[in-house]
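Worksheet: one structure, shown below.
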Amino acid sequence: RSTSRLRNASRTPTRLSRSDGWPSTAGAGRLRAARTGGSARAASATNAPRQPSPAAPGPATTTGPPPEPTETRSVQRATFRPGQRLLEVGCGTGDEAIALAVLGCDVVGMDPSSEMIRIARAKAAAAPLRGTVRFVAGYARDLDTALGDEDDASFDGGYSSFALSYEKGLDGVRDGLSRLLRPGGVFLASAMNRLSGAEWVLSLASIHPSLSGRRLEASTPHKVGSVRTNVYCRTASELARGFAPGFQAINLRGLPVVLPPPYANRPLLRWPTLITARGRLAAHVGGWPILRYLGDHNVGWLRRSGGPPR
């Protein structure tokens, strides 16, 4: 039956049916499901937290779980268009960069881990890309140096999912992006929030009050696998100020809001319908007044100063 599903899915062409220019992925989704036999375990492995490599000394910029991949990618697809040239800061093993390249973007991904870059290149070689993707080794704070071969204003936009939370300061990132992004281009920044309403409620309900205040410290110890590092949480306002004056915050919202953060909702994986409902709810209330500042992560749309919107 799995072979039959694969044969039938492969006959379904991908259609340019969306009004925003993104190709329909209905056929691709069935093809992936046929290849994995609909295995939830395979999906879980694909979305596993990124593991830092010993080959990257110093504080990593890509370890730790970003918001739910479906939520993050939905925001990216709503922000960028096929044909744009994009920069990803902290690409890890390349999942998000490759997903956008499959949909027609030209993406350059950067990460400090040489092992992650190797894995990302192998994934890209096997992906049905409509655009292009290139991976470069380097730290977020050394963005300008790592991409010194790129011309000024050579990117239409860019994004970072969680990686900025490993940077103590954002000056190096801001300065590098100021050179590389075209005026009017949007940088989509997702970073760990200092004020997580759901975590406060969860910590008090579980009688772990110390958990509720950990993000208020200058840095928060963080462990992924056997690797220990620090996370630097920022409020939405702090995130916006970190990119000023070269960038203007045109929108800020929480992701997710009201619901438990990703590390606390693993039991939901048993109910895919509930996960879908959760994503719709988060998308609906994430921009509400007050709630928009209390998400597990902040998502900021930061427009490069000096030009019209792109």
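Residue numbers run from 1 in the order of the sequence given.
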Taken in chain and number order and not counting sequence neighbours, the residues that satisfy side chain to side chain donor-acceptor pair (under 3.5 Å) with R121 are none

Only counting residues at least two apart or in another chain, list the ones meeting side chain to side chain donor-acceptor pair (under 3.5 Å) with T132.
D106

Check [X] against [Y] and note the closest heavy-atom contact, atom names and distance.
{"X": "G92", "Y": "A120", "value": "O-CB, 4.2 Å"}
{"X": "F162", "Y": "V231", "value": "CZ-CG2, 4.5 Å"}
{"X": "L86", "Y": "F80", "value": "CD2-CD2, 3.6 Å"}
{"X": "A124", "Y": "I98", "value": "N-CD1, 3.5 Å"}
{"X": "A140", "Y": "V173", "value": "O-CG2, 3.6 Å"}
{"X": "A127", "Y": "V102", "value": "CB-CG2, 4.4 Å"}

Could you check if a side-chain atom of [X] sits within less than 4.5 angstrom of a side-chain atom of [Y], using non-hydrogen atoms only?
{"X": "C91", "Y": "E96", "answer": "no"}
{"X": "L188", "Y": "V299", "answer": "yes"}
{"X": "L164", "Y": "F243", "answer": "yes"}
{"X": "L143", "Y": "D175", "answer": "no"}
{"X": "R234", "Y": "L170", "answer": "yes"}
{"X": "V186", "Y": "R304", "answer": "no"}
{"X": "L177", "Y": "F155", "answer": "no"}
{"X": "E150", "Y": "V108", "answer": "yes"}

Rounded to the nearest 0.5 Å, what's the gap from [atom1] on [X] to [atom2] on [Y]? Could you check?
{"X": "L239", "Y": "S190", "atom1": "CG", "atom2": "OG", "result": "9.0 Å"}
{"X": "R182", "Y": "S154", "atom1": "CZ", "atom2": "OG", "result": "7.5 Å"}
{"X": "L181", "Y": "S305", "atom1": "CG", "atom2": "OG", "result": "11.0 Å"}
{"X": "R174", "Y": "L302", "atom1": "CZ", "atom2": "CG", "result": "12.0 Å"}
{"X": "R179", "Y": "D144", "atom1": "CZ", "atom2": "CG", "result": "4.5 Å"}
{"X": "R73", "Y": "S161", "atom1": "CZ", "atom2": "OG", "result": "9.0 Å"}

Distance-only, no hydrogens or angles: does the S165 side chain make a donor-acceptor pair with backbone N or O of M192 under 3.5 Å?
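Yes, because the side chain of S165 sits within donor-acceptor range (under 3.5 Å) of the backbone of M192.
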
Taking A137's backbone N and O only, do any of them form a donor-acceptor pair with S114's side chain (distance below 3.5 Å, no angle check)?
no

Determine, stepwise, if the pair L100 / Y159 fulfils side chain to side chain contact (heavy atoms under 4.5 Å, CB included).
CA-CA 11 Å; L100 286 168; Y159 61 96; 3.5 Å; yes

Which of these, E115, K123, R118, sits in a side chain to side chain donor-acceptor pair (under 3.5 Å) with T93?
K123

Single-linkage hydrophobic cluster I119~F135, side-chain heavy atoms < 4.5 angstrom
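No, I119 and F135 fall in different hydrophobic clusters.
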
Kindly work out whether a path of hydrophobic side-chain contacts (I/L/V/M/F/W/Y, heavy atoms less than 4.5 Å apart) joins Y232 to L252.
no

For the pair D156 and R85, find out whether any cationic side-chain nitrogen is under 4.0 Å from an anionic carboxylate oxygen.
no

Please collect all side-chain hydrogen bond (donor to acceptor under 3.5 Å, both in side chains) contacts where either partner lies in residues 242-252, sequence neighbours excluded, each pair once.
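Those involving residues 242-252 are N251-R292.
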
